[in-house]
Protein chains: 2
Amino acid sequence: MTIKKTDFIAEAIEELILKGEFSNGDRLDEIKLGERFGVSRTPIREVFQKLTMSGLVEHFPKRGVFVRQPSPIQILEMFEVMAELEAICGRFAAHTISDESIDMLENANNCCQQAIDEKSETDYYRHNTTFHQIIYKESGNSFLEQEALRLQKRLAPFRRIQLHVRGRMKQSMREHKLIVQALVDGDAANAELTLRDHVAIQGKKFQYLLVELEKNSTKT
Amino acid sequence: MTIKKTDFIAEAIEELILKGEFSNGDRLDEIKLGERFGVSRTPIREVFQKLTMSGLVEHFPKRGVFVRQPSPIQILEMFEVMAELEAICGRFAAHTISDESIDMLENANNCCQQAIDEKSETDYYRHNTTFHQIIYKESGNSFLEQEALRLQKRLAPFRRIQLHVRGRMKQSMREHKLIVQALVDGDAANAELTLRDHVAIQGKKFQYLLVELEKNSTKT
DNA sequence: GTCAATAGTTTAGTATACAAAAATAAATTT
DNA sequence: AAATTTATTTTTGTATACTAAACTATTGAC
């Protein structure tokens, strides 16, 4: 068995939270979740610790664990940090990136373009993720790579929704090309800049969506 | 009770590892540690998960948990990322820092100077830590602050040892003054630069110590 | 003597039982 | 009737019991 059972349950509960079955502030019941997944409280409590560490849930001693969706401000802060982390990766990668990796980046970009042509957000999202992960790896600093991956994963649900913004995918593609060009040129400063902006825009778009959402909810 | 028992045990085991009672690759015995702290396996296993998340220990399914001291390369990588994180904090802080916080930084610096005069490495270390934490906070991005604190904590044992390098404390003080000046000036680019260098030097010094250590160990 | 197979031991993972704390409901007092 | 106290019920945290997997040692075949 290559995947641990508790990891599977952790993923499943994560899904439940993100899909909205549990909303913000809800208490997660050890016993009910145990029954649901056919296990006892012990492994569920293990899973809770994992979720606590990943920030999806908060643990209050002798009280229980509660769903803790990050506030819009926290999400924006995370995007800001993500932009900086990716910028660093780009700056480092510009010095060390290999020809093979450049090819891989261009390949990922082609896949992104194809996804746009086929209007497949899912495919675009996947290849876009790959594109960025290549850059993390090419930073040459595996600790930095791990940190970037961690934050990328945590921001995944929020990055996803802002693909719906009209024309975002096409604009994103153009930015990808600038990033690759900077890396090809070995222009560290430019790689840093283009990557930072590219990611920072996601935070901006997210903010924009929030404002729109706010308008609609207060319209009634 | 403001502090949880498992947190206490986690800290204690962390200490044991750092003090050298357990060395790299050692397996941590759930039962023995339970007896040692007068608890059963359950809370010890909880603590293991915490330690796994903090990276001090590695968990192999159905095998157990093993002490995993980071390799010199990993430590250098972490210092490199720390330097970048602090540089970002400095850049952000330069725009937003308050007069009170400037005062606090200068106060921390005075305490550092006093510690040097009294040749107290412990005091220097403590006030130095405070100095940096003020800058994390003044970044105005609390997520960034948390991430910086996390990595600062993880690097603590390695930062400590390189204070022994002759003259390091005095040089460090001079750098602190440059950092404060950049922040007073609101010079973001300079704050970024001075902070990055200031932290990066710690990695360099650590590397230097490693080489020295290597020489001595192969001399026999 | 070396290797393979198997029995026995140890240890991780999980379920359950129990104790203590918190939340809730009921009862008593003001 | 409101508030405080007391009793009841949940629920968390921990200990223990059990299961299954991994390690060790012994035996047997070549």
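Sequence lines set the chain letters: A, B, ... in the order given, protein chains first and strands last, and positions in each chain run from 1. Note that these values count all heavy atoms, side chains included, but never hydrogens, waters or copies made by symmetry.
Side chains of Gln152(B) and His132(B): a donor-acceptor N/O pair is absent below 3.5 angstrom, by distance only. No side-chain donor-acceptor contact under 3.5 Å links Glu145(B) and Ser139(B).
Atom CG in Asp29(B) sits roughly 14 Å away from atom C1' in dT9(C) (whole-Å rounding). Between the CG atom of Leu33(B) and the C1' atom of dA12(C) there is a distance of 15 Å, given to the nearest Å. Rounded to whole angstrom, the span from the NE2 atom of His59(B) across to the C1' atom of dT11(C) amounts to 12 Å. When the P atom of dA15(D) is taken as reference, atom CD of Glu35(B) falls 12 Å away, rounded to whole Å. Put simply, CD on Glu46(B) is 6 Å from P on dT14(D), counting in whole angstrom units. Note: CD1 (Ile44(A)) to P (dT11(D)) measures 15 Å, nearest angstrom. The CD1-C1' distance, from Ile31(A) to dA17(C), rounds to 13 Å in whole Å. Rounded to an integer number of Å, the gap from CD of Gln49(B) to C1' of dG13(C) is 12 Å.
Among the nucleotides dG13(C), dA15(C), dA15(D), the one closest to the side chain of Thr42(B) is dA15(D). For Ser40(B), counting side-chain heavy atoms from C-beta on, the closest listed nucleotide (dA15(D), dG13(D), dA15(C)) is dA15(D). Comparing dG13(C), dT11(C), dT14(D) against the side chain of Arg45(A) picks out dT14(D) as the nearest.
Ring pair His176(B)/His127(B): centre-to-centre distance not below 6.0 Å.
Applying the 4.0 Å criterion to OP1 and OP2 of dT14(C), one finds that Arg41(B) has every side-chain N and O outside that range.
If you find the closest nucleotide of DNA chain C to Val65(B) and to Gly38(A), the one lying nearer the 5' end belongs to Val65(B).
Annotation: side chain of Ile73(A) is not in contact with side chain of Gln207(A) (no heavy-atom distance under 4.5 Å).
The base of dG13(D) lies outside donor-acceptor range of the side chain of Arg63(A), with no N or O pair under 3.5 Å.
Salt-bridge formation is detected for the pair Glu46(A)/Arg45(B): a Lys NZ or Arg NE/NH1/NH2 atom is positioned less than 4.0 Å from an Asp or Glu carboxylate oxygen.
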